[in-house]
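Take a look at the structure set out below.
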Number of protein chains: 2
Amino acid sequence: MEHVHHNCLYTMTAQQKKARRQQQKEDTRRIILDAAYVLFAENGYAQTTMRKLASRAGVGLGTIFKHFQNKPSLLVAAYQEDLGKIVVDAFKSLPEAGIKKQLLHITERIYGFYATDPSFSRNLIKEALFLKGEHGEILDNQLMLFLKEIAELFKKAVENGELPVDTNVHKGALAFGAFYFSGLIMGLKQTTFNTEERLDFVGTMIDHHFFTKNR
Amino acid sequence: MEHVHHNCLYTMTAQQKKARRQQQKEDTRRIILDAAYVLFAENGYAQTTMRKLASRAGVGLGTIFKHFQNKPSLLVAAYQEDLGKIVVDAFKSLPEAGIKKQLLHITERIYGFYATDPSFSRNLIKEALFLKGEHGEILDNQLMLFLKEIAELFKKAVENGELPVDTNVHKGALAFGAFYFSGLIMGLKQTTFNTEERLDFVGTMIDHHFFTKNR
DNA sequence: TTCCATTAGCGAACATGTTCACCATAGCTG
DNA sequence: CAGCTATGGTGAACATGTTCGCTAATGGAA
């Protein structure tokens, strides 16, 4: 990443000039974010002091707060890209057959991420849960998109004839979301995340909710 | 509440003497807890500093930490009695007919509590979610008891013939728990808790999970 | 080019949760 | 009663997230 040199200013177009400062800001933001990602992973959330982070990123303490409202926002920002990629990957590698298999596939991928470091994941979930401000809204949007994608899977399952035609795909997605989220929280409450067990729970719930004939 | 006077020591039985110091400790704990309850309710969680609380309770700053591990524990301790009462009341005033009605009744009572001050409730849930230490375990036990009670309701519904005999009451309770919890979180994510809407969600989910004939 | 407004960058200062060494007393032991 | 131990009570000290006024440089305006 090569910075435009100061002397060249007069050769730049207006747009280039306009973009330069903004670009520099974006760069330092990136530096902070990357340093945060590493430090959080290496030393955990609480142990990663804003001062240590500033030092590691090579910026001033106050600079961090010019880019992120507070520590929780920074935590969420540092890991939402990762999580986003995992979700995208999960949807790309979807099994062809069966809505249940598909849902469990996605669940497994995401649980896998949280399972690698439960203690850290607890902090992440805790801080992300009711996060306010810019990053909170980003999270909400991602959640909304996620549910929309899930609903899409349900829609296809209905078209396949796997689910009855009167299925409300939106409600279906919400039900799955409830199972997924509860399973996640239950798993994280234990010291080690038992993915097997949690997947079994979600699978059972899906079975009962979507594939059981009652009375 | 009248304290035993120092001079009377020699007239006390061994047990009374033994109990005295412990009793005094319990008393100051109570004083702190009550002051915390009031201050949290009046000024909110973040605005209630440990110093203000110490001042209000008439104890030293350090004293608080002889009774509670940290601020989140104090928050949870201050409100888990309230919540416990609400749950007990909800079970006492249970409608006779219909498991769905019963579940929604309980849900409504609890949501009602959280709805009165969503901002505060967000803090409470956030801090209680993965709370460690003594108070975390108490919470877990209460949750377990709650689920057991719910399972009991399911069992009765099975005996009534309202639900099929092969119903797994434990799984049923967990499913309800997932709906209840998700509904709570969704509701609290909004600035004002729309109890009506959330109850509708939980009701719909219960209907679909327990009373829908699929295919 | 020169001037001006905006803002990224910065760290001292502040607020607050938490720790800890110390004190006083309860309550046991002889 | 006399001495000892354990511990409730205490606030100074500390660590850390966050704020805020300052500086310098960017980039637009005259």
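Letters A, B, ... are given to chains in the order of the sequence lines, protein chains preceding strands, and every chain is numbered from 1. What you are looking at is a predicted structure, and each value in this text was computed from that prediction instead of being measured.
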To the nearest angstrom, the CG-C1' distance between A/Asp27 and D/dA25 comes to 16 Å

Rounded to the Å, how far apart are B/Lys25 NZ and D/dT10 P? 13 Å

Sequence neighbours excluded, every pair satisfying ring pair (Phe, Tyr, Trp, His ring centres under 6.0 Å) that has a member inside residues 69-89 of chain A: A/Tyr37-A/Tyr79, A/Tyr79-A/Phe120

Rounded to whole Å, CD of B/Glu26 lies from P of D/dG9 at a distance of 11 Å

Rounded to whole Å, how long is the line connecting atom CD of B/Gln22 with atom P of D/dT7? 12 Å

B/Lys85 to B/Phe113 six-membered ring, cation-pi geometry met (6.0 Å, 45°): no

Heavy-atom check, side chain of A/Arg29 versus side chain of A/Lys25, under 4.5 Å: no

Looking at DNA chain D, which of residues 62-78 of chain B put a heavy atom within less than 4.0 Å of it? B/Gly62, B/Thr63, B/Lys66, B/His67

Could you tell me whether the side chain of B/Gln80 reaches within less than 4.5 Å of the side chain of B/His135, counting heavy atoms only? yes

Distance check, rounded to the nearest 0.5 Å: A/Leu188 atom CG versus A/Lys126 atom NZ? 13.0 Å

In residues 29-55 of chain B, which ones come under 4.0 Å of DNA chain D, going by heavy atoms? B/Arg51

Using the rule ring pair (Phe, Tyr, Trp, His ring centres under 6.0 Å), only one of B/Phe179, B/Phe181, B/Tyr180 pairs with B/Tyr111; which is it? B/Tyr180

Judged by modelled atom types alone, do B/Arg56 and B/Thr48 share a side-chain donor-acceptor pair under 3.5 Å? no

Set out, in order, the CA-CA distance, both residues' side-chain angles and the distance that settles side chain to side chain donor-acceptor pair (under 3.5 Å) for A/Thr204 and A/Asp207, then state yes or no. CA-CA 5 Å; A/Thr204 304; A/Asp207 267 339; 5.9 Å; no

